[in-house]
Amino acid sequence: MVGGALDSFAARVANLVVGNPDEAAVLELAQTGPELRFEREALVAWCGADFDVMIGEVPLPPDRAVRVAAGETIRFGLARRGLRAWLAVAGGIDVPLVMGSRSTYRRAGIGGFEGRPLKAGDDLKMLAPSSWAEHILASLRTGGKLMTAWTVRPGVMGRPAAAGVVRAMRGPECTWFTLDAQQQFFSADWTATKDADRMGVRLAGPTLERRQAGDMVSSAVNAGVVQVPAAGQPIVLLPSRQSVGGYPRLAAVATVDLPRIAQLRPGDRVRFEEINLTVAHALYLARERDLHRVRTGLARLTG
Amino acid sequence: MRFTPLGDNALMLEVGDVIDEPTHRRVQDAWRVLAAAPLPGVIELVPAYTTVTLFYNPALAVQVGAPEDDIFEWLVAQVKERLKHPPKMEKAKGRTVEIPVCYGGEFGPDLGLVAKQAKLSPEEVVQRHAKPEYLVYLVGFAPGFPYLGGLPKELETPRHAKPRMVVPPGSVGIGGAQTGIYPLATPGGWNLIGRTPEKIFRPAEHPPVLLRAGDRVRFTAISPEEFAKWEARP
């Protein structure tokens, strides 16, 4: 369960929009993206940060199914806000399963496409689209339309937090920190630093003091866990995290708000709002219910 | 036995609070019992020194009967029930693995620091690190990373306050009372005292890791020349 898209919900939505199963391989882009030439007709969708995307001379908005004709090129420019986006292609990208996964694990050079980020000249194969995707493609083709009128926006599903806010629960070692530090964590403005990758993001802000020194015995961590090394600056773990860690876990970000951490650029600010486990579960279930409703609605489109 | 939430999709079962062999056995026993058959809503188990953490999907848990407003307690009850009625299983057997390490120099930039705080010479640190037979308490952090117990008390060194962004693969480190080997270039906060030319993570092999929980490990000091020779092997 380590690895995969840094916003697995956005990746699921992109896949859903093009009629793929949740676990179909998608492309993840950070900061900027590729120019992709399609050798055959395809149904594609992208979700995530605010990117400039063009197909020929036409801007390509996110969160909807787009028909790309054979020979056409999609160009990703720079992200205007946020950092990452996910592009799904009907059928999914054809890469082998490694240990049951299609995701890239760059540190070990395995998974995904040859275990590495893509580079110019790479030739990606697509798997066969679902019959639902074929149906959408056909209706766009005959209607002379580039994209669907409907959209599916992952960021508005469930009950999103206010801008710049990330909801989090107390972690198992929360009480290892002074009351001041606990309060500071849940009230201060935190700034994302450039010490960030797919494993986690180091934040800068007030120094979080411990009640007493001492190392904890290493135990499991998860995406969203907020570790605080002795220097007192928190690290929020992302899906390519380690499986166990030894820094005290002050907090854990709610699953539904983790995408906000994945979208932070150096200098971006974020504030943590404390919630309890029951609320976090309610948020999680609300988002899943919304996705389920959309899934049911989309299935009806083709009768 | 204590149950604690770790975020909204994991449940931590604590069976002790120190690194020792009896606790290790309790962790392994609990893990084997929980892993013997699927638990409703649970998708992964991560055993560590004193804990077994169960990762769950809240939506899946609700689908199989958990009340929406008390998923955690419902899962705890499932785990307790399983532990009360464990299935019959064979005892797991460990092996002893020898690991060559080139200590100090560019391979072990923190050897001096460990020596200084232990009030020993670097040579004495090497001697004492390579002496005991260590127990692989758990494998985790990065794929194949063995957390070894049995470090001589005097060599215990706190982790760096600010972890390194990149630790070279094969690095042997000390983090508090623990010692271990970094399989891949990853960030890391442990004190690096040497490096092994042995491959710890082997993605093409089954299992893909050299060391497994329950194995015993012995370090042998090698020279930089032997290190180079080892690395040049086909």
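All values below come from the heavy atoms of this structure, side chains included, with hydrogens, waters and symmetry mates left out. This one's a predicted model, so the numbers in the text were calculated from it and none came from an experiment. First the proteins, then the strands, lettered A, B, ... as listed; each starts at 1.
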Trainee: Only pairs of heavy atoms separated by less than 4.5 Å count here; which of A:A220, A:G109, A:A280, A:A213 has the most with chain B?
Mentor: A:A220

Trainee: For B:Y49 together with B:Y137, are the ring centres under 6.0 Å from each other?
Mentor: yes

Trainee: Relative to the ring of B:Y134, is the ring of B:H129 parallel (under 30°), tilted (30 to 60°) or perpendicular (over 60°)?
Mentor: tilted

Trainee: Is it true that atom CZ of A:R116 has more than 12 heavy atoms of other residues, nucleotides or ligands lying nearer than 6.0 Å?
Mentor: yes

Trainee: Looking just at side-chain N and O atoms, do A:S219 and B:T51 make a donor-acceptor pair shorter than 3.5 Å?
Mentor: yes

Trainee: Distance check, rounded to the nearest 0.5 Å: A:E209 atom CD versus A:T178 atom OG1?
Mentor: 6.5 Å

Trainee: What is the distance from atom CG of B:L11 to atom CG of B:L6, rounded to the nearest 0.5 Å?
Mentor: 9.5 Å

Trainee: Among A:V279, A:V217, A:V244, which has the most heavy-atom pairs under 4.5 Å with chain B?
Mentor: A:V244

Trainee: If you tally heavy-atom pairs under 4.5 Å against chain A, which of B:T53, B:V52, B:D70 wins?
Mentor: B:T53

Trainee: Looking at CG of A:D257 and CZ of A:R287, how far apart are the two atoms once the value is rounded to the nearest 0.5 Å?
Mentor: 8.5 Å

Trainee: Run A:D94 and A:R102 through salt bridge (charged side-chain N to carboxylate O under 4.0 Å, His left out) and show every step you take.
Mentor: CA-CA 9 Å; A:D94 186 6; A:R102 289 197 161 86; 5.6 Å; no

Trainee: Could you check which of A:D195, A:V225, A:T278 has the highest count of heavy-atom pairs closer than 4.5 Å to chain B?
Mentor: A:D195

Trainee: Heavy-atom distances under 4.5 Å only: say whether B:Y147 touches chain A with side chain, backbone, both or neither.
Mentor: side chain

Trainee: Output yes when A:R295 and A:D22 qualify as a salt bridge under the 4.0 Å nitrogen-oxygen rule, no when they do not.
Mentor: yes

Trainee: Is a donor from one side chain sitting under 3.5 angstrom from an acceptor on the other, for B:N9 and A:N222?
Mentor: yes

Trainee: Using heavy-atom distances under 4.5 Å, tell me whether A:A282 contacts chain B through its side chain, its backbone, both, or neither.
Mentor: neither

Trainee: In terms of heavy-atom proximity below 4.5 Å to chain B, should A:M216 be classed as side chain, backbone, both, or neither?
Mentor: backbone

Trainee: Stepwise, does the salt bridge (charged side-chain N to carboxylate O under 4.0 Å, His left out) test hold for A:E173 with A:R249?
Mentor: CA-CA 5 Å; A:E173 286 78 41; A:R249 298 159 293 186; 2.7 Å; yes

Trainee: Any chance you could measure A:L250, atom CG, to A:Q184, atom CD, to the nearest 0.5 Å?
Mentor: 10.5 Å

Trainee: A quick test of your reading: do over 12 heavy atoms of other residues, nucleotides or ligands sit less than 6.0 Å from CZ of B:R2?
Mentor: no

Trainee: Other residues, nucleotides and ligands only: do more than 12 of their heavy atoms fall within 6.0 Å of CZ on A:R106?
Mentor: no

Trainee: Classify the ring geometry of B:Y182 against B:F145: parallel below 30°, tilted from 30° to 60°, perpendicular beyond 60°.
Mentor: perpendicular

Trainee: Quick one: of A:A168, A:A230, A:A251, A:G200, who has the most non-hydrogen atom pairs under 4.5 Å with chain B?
Mentor: A:A230

Trainee: Give the member of A:R202, A:E288, A:R289 that has the highest number of heavy-atom pairs under 4.5 Å with chain B.
Mentor: A:R202

Trainee: Using a 4.5 Å heavy-atom cutoff, which residues in residues 154-173 of chain B come close to chain A?
Mentor: B:P158, B:R159, B:H160, B:A161, B:K162, B:P163, B:M165

Trainee: Is it true that A:D290 and A:R293 have a side-chain N and a carboxylate O under 4.0 angstrom from each other?
Mentor: yes

Trainee: Between B:D17 and chain A, with a heavy-atom cut-off of 4.5 Å, which part of the residue counts as in contact: side chain, backbone, both or neither?
Mentor: backbone

Trainee: What part of B:Q178 gets closer than 4.5 Å to chain A, counting heavy atoms only: side chain, backbone, both or neither?
Mentor: side chain

Trainee: Is it true that atom CD of A:Q31 has more than 12 heavy atoms of other residues, nucleotides or ligands lying nearer than 6.0 Å?
Mentor: no

Trainee: Pick whichever of B:A61, B:P208, B:P58 has the most heavy-atom pairs under 4.5 Å with chain A.
Mentor: B:P58

Trainee: Suppose a student defines contact as a heavy atom less than 4.5 Å from any heavy atom of chain A. Which residues in residues 185-194 of chain B would they list?
Mentor: B:A185, B:T186, B:P187, B:G189

Trainee: Counting heavy-atom pairs under 4.5 Å with chain A, which one of B:G140, B:G175, B:G176, B:G7 comes out on top?
Mentor: B:G7

Trainee: What part of A:R107 lies closer than 4.5 angstrom to a heavy atom of chain B: side chain, backbone, both or neither?
Mentor: both

Trainee: Identify which part of A:V221 has an atom lying under 4.5 Å from any heavy atom of chain B, answering side chain, backbone, both or neither.
Mentor: backbone

